[in-house]
Amino acid sequence: MIELKVFEGRSWTNLDTYGNENIALTFQVDDVRNIANKNASYSKDFNLPATKRNNKFFEHFYNLDRYNLDFNPYKSFRCELYIDGINVLEGYIKLLGTLEKQTEISYRVVIFNDVANLIDSLGDRTIAELDLPELNHNFTYQNVVSSWFGIDMLGNTVPYSYTLVGNGSIYYDDENIVNYIPHRSWMLNIKLKYIIDKIFDFVGFSYTSNWFDSDEFSRFYFDTTSIKDYGEEIEDYSIQCNGIQAPLNLLATNALNGGQGVFLGNGFFETTVIPVDSVNNDTLGEFDANTSTFTAQNNCTLSVLADITHKNGDLFPHTISMFINGEEVDMQDTNSAAFNDFYNPPLLEASDTDLVLIGSIALLQGQTAQITFASDIDPENLGGNNYKAGILDFGFKLTLQVTNASNMELVRTQLGDIKLADVIKDVFTMFNLIATDNGNKNISIEPYISYISNRVVDWTDKVDINEIELETIEIPRSITFRHAQEKDDYYHNLYLEDNNIEYGTHRLFFDVENEEDEVIELKVFAAPFIKTLNQTDMVIHHIGKLEDDGIEPYKNKPRIVYRVTDILANPPITILDTQYFLQPIETYDSWQDVINLSNYPQMTHFGDYIDNLVSNDNSYLFGSINPNAIEGNFTQPVRTLFHRFWRKYIEEKYNVDTRILKMKARLSATDILSLDFSKRYKIADQYYRLNKVEHNTDKNKLSSIELIRI
């Protein structure tokens, strides 16, 4: 008997099924045929009858005459699928469509587990959408030094650390002094686990992971690009923009009916610039009144307050939205209780309404922000000729408040376009992680080498030995493991030119006739380039773009580095002594008083200080490097990302003796409930790993299984 439960609102409810129909379920954690992707368990699409109970849940979605449905077909709902009272698949159900055939109507749905739902829930969300208040701090000497130990100057634990970076702002001056520009040479790095925790919290998931909770993983950080320049602090100021210019006859057929005004778009949410004719206190000339564009002269936070006298149309309630650089930052709905918290606006008659829209953006020096507006009413198609802003003289006003940019806002600006799903996928790829569903939006995550076990399940009596299909694994000519590529980085390009391979890349060749090459590549994180600072023995991270006058910082892809220093004591304590004084050459806050700093932390892709490395230490690149950029003799670790996390997987599944064994098996609901891809499965006297199980809820059908001989 098949039973389907869904969680709606605050309680579970049953949906009707056809009873004993066959639902094809696929269970998998990864696929040997595509090692670049990790897999999840799911059902193939199946139908539910349009019963009274199901119609209530789906709100008669098949009925084209119904409007204003609360049911969202793009939303997934928690569900549990039971066979004979046993929960065989827990996850999410999603409506794919409906089918009306003669007199029978059905809903076509699919179920997928939490592993798939995590990535689905992240969608195209980016780092810009994360709330990161723990990053806010003042850039001071004390906070920089304290961050080496994971604390701030008050002893509070912080998820960031600073490291020296060679980006054209640090150099040796032949007098035992290394000169540097503090706010350019010290680069802010964010703890990787902090961002992962933020991502999981953002979509309401949790994880269970010995790896993520390990001391080793807690030491991974990634940079916030080398171009970030805090610059001098600025005094807060505001720019006032009043009124609108002469009426814009955007639509000849729609007269403005007197007064001044600008139509809010020619179409459904087509954005419109509302120009102004009076700009006050713009002493730096940052605001263009005609294009409503602000150009930052300093790193800052721009807060925008738009005060609009708006003419309501006489047809429909609607919304007004404000956009900054094309991104919606605020909206007001005429169905809401009030505009500007003053009164309820009339909805079905033409009238003037005041409303306030607010938004903000962090800007680096030279970046721009264009402010535009839109309505969800098309004035041409719906005849809403009154949907315009600025009806009266000075009926439109912008207040631009300019303040110092916080660290959180600068990080969201610099890294804001990075997709959260890509961050998760990169971490899974780096450490070859396997995810399994614990239910209730909790996911177990461990490296493959820790996930697999030698525990044995004997399926000899469950399989049908009368029909066995063997399939060889298509082994590519080569598999290349590499980090995200940096086309603009001078050091990466020079290394590639000299060595004919990207920095940190590992290339594996197979003795096969196949001409296909497999590439496993990170999307977000590039390889940190470690180099000795010219004319010194200081080994630091180097990032830079070659310009006419030399190396310059730029908006690079973030790189993951490892912090060797323990969080043991309050600073100052010695980190790594050098024979050089680190002396600031530009004043910033109290940095001009710091002239005798003679130690600094190493944050590299190695698991220890360069001088202390032994062959059994870790390197957090996929492959070994040519170390000619590092002065002196040091021992290069052999435990790379490939050797630690991928080698056993490749050896076990990608050799000429590997076979995929396809068989039929009689598996009960209890067998499905206890599926464990980490174990070895014994059939006769041979041992296998499970690759895939396709189970049928119809008891008269056998399950199809795929096993990998080991």
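Atoms considered below: every heavy atom in the structure, side chains included; atoms not considered: hydrogens, waters and symmetry mates. Note that this is a predicted model, so its numbers are computed, not measured.
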Measure across [X] and [Y] and return the closest heavy-atom pair with its distance rounded to 0.1 Å.
| X | Y | result |
| --- | --- | --- |
| Ala684 | Thr460 | N-OG1, 2.9 Å |
| Val29 | Phe677 | CG2-CB, 3.8 Å |
| Asn514 | Pro476 | ND2-CA, 3.8 Å |
| Pro159 | Leu135 | CG-CD2, 4.1 Å |
| Leu613 | Thr635 | CB-O, 3.3 Å |
| Ile650 | Phe642 | CG1-CE1, 4.1 Å |

**Request:** Would you please test Phe220 and Phe217 for ring pair (Phe, Tyr, Trp, His ring centres under 6.0 Å) and show each step?
**Result:** CA-CA 6 Å; Phe220 291 121; Phe217 194 82; 5.6 Å; yes
Does a side chain donor of either [X] or [Y] reach within less than 3.5 Å of an acceptor in the other side chain?
| X | Y | value |
| --- | --- | --- |
| Asn628 | Asp498 | no |
| Tyr448 | Glu652 | yes |
| Ser668 | Asp671 | yes |
| Thr208 | Asn442 | yes |
| Tyr207 | Asn438 | no |
| Asp698 | Asn696 | no |

**Message:** Assess the residue pair Asp517 and Ser478 against the criterion (side chain to side chain donor-acceptor pair (under 3.5 Å)); give the C-alpha distance rounded to whole Å, side-chain angles, the decisive distance to 0.1 Å, and a yes or no.
**Reply:** CA-CA 5 Å; Asp517 296 302; Ser478 70; 2.6 Å; yes
**Message:** Walk me through whether Asp676 and Arg455 qualify under side-chain contact (heavy atoms from CB on, under 4.5 Å).
**Reply:** CA-CA 10 Å; Asp676 189 340; Arg455 292 174 295 173; 3.8 Å; yes
**Prompt:** Parallel, tilted or perpendicular: which describes the rings of Phe529 and Tyr503, with under 30° parallel and over 60° perpendicular?
**Reply:**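 The rings of Phe529 and Tyr503 sit tilted, inter-plane angle from 30° to 60°.
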**Item:** Intermediate values then yes/no, side-chain contact (heavy atoms from CB on, under 4.5 Å), Asn556 and His492
**Value:** CA-CA 12 Å; Asn556 59 276; His492 277 268; over 6 Å; no
So does [Y] get a backbone contact from the side chain of [X], meaning a donor-acceptor N/O pair under 3.5 Å?
| X | Y | result |
| --- | --- | --- |
| Asp617 | Pro637 | no |
| Asp437 | Val115 | no |
| Thr224 | Leu188 | yes |
| Ser619 | Thr640 | no |
| Asn22 | Thr697 | yes |
| Gln686 | Ile683 | no |
| Glu446 | Asn210 | yes |
| Gln602 | Ile610 | yes |
| Asn493 | Lys487 | yes |

For the atom pair [atom1] ([X]) and [atom2] ([Y]), what is the distance rounded to the nearest 0.5 Å?
| X | Y | atom1 | atom2 | value |
| --- | --- | --- | --- | --- |
| Ser218 | Lys193 | OG | NZ | 8.5 Å |
| Gln414 | Asp223 | CD | CG | 10.5 Å |
| Leu118 | Phe200 | CG | CZ | 5.0 Å |
| Thr17 | Leu48 | OG1 | CG | 7.5 Å |
| Glu502 | Arg482 | CD | CZ | 5.0 Å |
| Ile424 | Ile443 | CD1 | CD1 | 9.0 Å |

Partners of [X] by side-chain contact (heavy atoms from CB on, under 4.5 Å), sequence neighbours excluded?
| X | result |
| --- | --- |
| Ser121 | Asn117, Val203, Phe205 |
| Val110 | Ser43, Lys94, Leu96, Phe112 |
| Asn618 | Glu216, Tyr620, Arg639, Arg644 |
| Tyr490 | Leu494, Leu546, Ile551 |

**Asked** With respect to Glu706, which candidate in Glu694, Gln28, Arg689, Lys662 satisfies the side chain to side chain contact (heavy atoms under 4.5 Å, CB included) definition?
**Response**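 Only one option passes, and that is Lys662.
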**Item:** Test ring pair (Phe, Tyr, Trp, His ring centres under 6.0 Å) applied to Tyr681 and Tyr687, Trp459, Tyr688, the passing residue
**Value:**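 Exactly one pass, corresponding to Trp459.
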**Prompt:** Under a 4.0 Å N-O cut-off, is there an ion pair linking Glu134 with Lys191?
**Reply:**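 Not counted as a salt bridge, because no side-chain N and carboxylate O are separated by less than 4.0 Å.
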**Prompt:** Thinking salt bridges, do Asp114 and Lys441 make one under a 4.0 Å N-O criterion?
**Reply:**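 Between Lys441 and Asp114 there is no salt bridge, as every charged N stays at least 4.0 Å from the carboxylate O atoms.
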**Message:** Would Lys557 and Leu522 count as a side-chain contact (heavy atoms from CB on, under 4.5 Å) here? Give the steps.
**Reply:** CA-CA 11 Å; Lys557 290 181 179 290; Leu522 305 184; over 6 Å; no
**Request:** Evaluate side-chain contact (heavy atoms from CB on, under 4.5 Å) for Arg563 paired with Asn189, printing each intermediate quantity in order.
**Result:** CA-CA 10 Å; Arg563 191 204 72 237; Asn189 289 258; over 6 Å; no
**Prompt:** Does the side chain of Trp646 come within less than 4.5 Å of Leu508's, by heavy atoms?
**Reply:**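 Leu508 does not reach Trp646 side chain to side chain.
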**Request:** Given side chain to side chain donor-acceptor pair (under 3.5 Å), test Ser704 with Lys664 step by step and report yes or no.
**Result:** CA-CA 5 Å; Ser704 297; Lys664 299 292 185 181; 2.8 Å; yes
Which donor-acceptor pairs under 3.5 Å do side chains of residues 84-93 form with protein atoms, sequence neighbours excluded?
from: Asp84; atom 1: OD1; to: Met1; atom 2: N; distance (Å): 2.6
from: Asp84; atom 1: OD1; to: Lys699; atom 2: NZ; distance (Å): 3.4
from: Asp84; atom 1: OD2; to: Lys699; atom 2: NZ; distance (Å): 2.9
from: Asn87; atom 1: OD1; to: Leu89; atom 2: N; distance (Å): 3.4
from: Glu90; atom 1: OE2; to: Arg78; atom 2: NH2; distance (Å): 3.0
from: Glu90; atom 1: OE2; to: Asn440; atom 2: N; distance (Å): 3.1
from: Tyr92; atom 1: OH; to: Arg78; atom 2: NH1; distance (Å): 2.7

**Request:** With sequence neighbours excluded, tell me which residues meet ring pair (Phe, Tyr, Trp, His ring centres under 6.0 Å) with Phe622.
**Result:**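 Here the qualifying residues are Phe481, His483.
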**Message:** A quick test of your reading: do over 12 heavy atoms of other residues, nucleotides or ligands sit less than 6.0 Å from NZ of Lys198?
**Reply:**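 Atom NZ in Lys198 is packed in, count exceeds 12.
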**Asked** Which of these, Glu516, Glu513, Glu518, Glu515, sits in a salt bridge (charged side-chain N to carboxylate O under 4.0 Å, His left out) with Arg477?
**Response**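 When Glu516, Glu513, Glu518, Glu515 are each tested with Arg477, the salt bridge (charged side-chain N to carboxylate O under 4.0 Å, His left out) holds only for Glu515.
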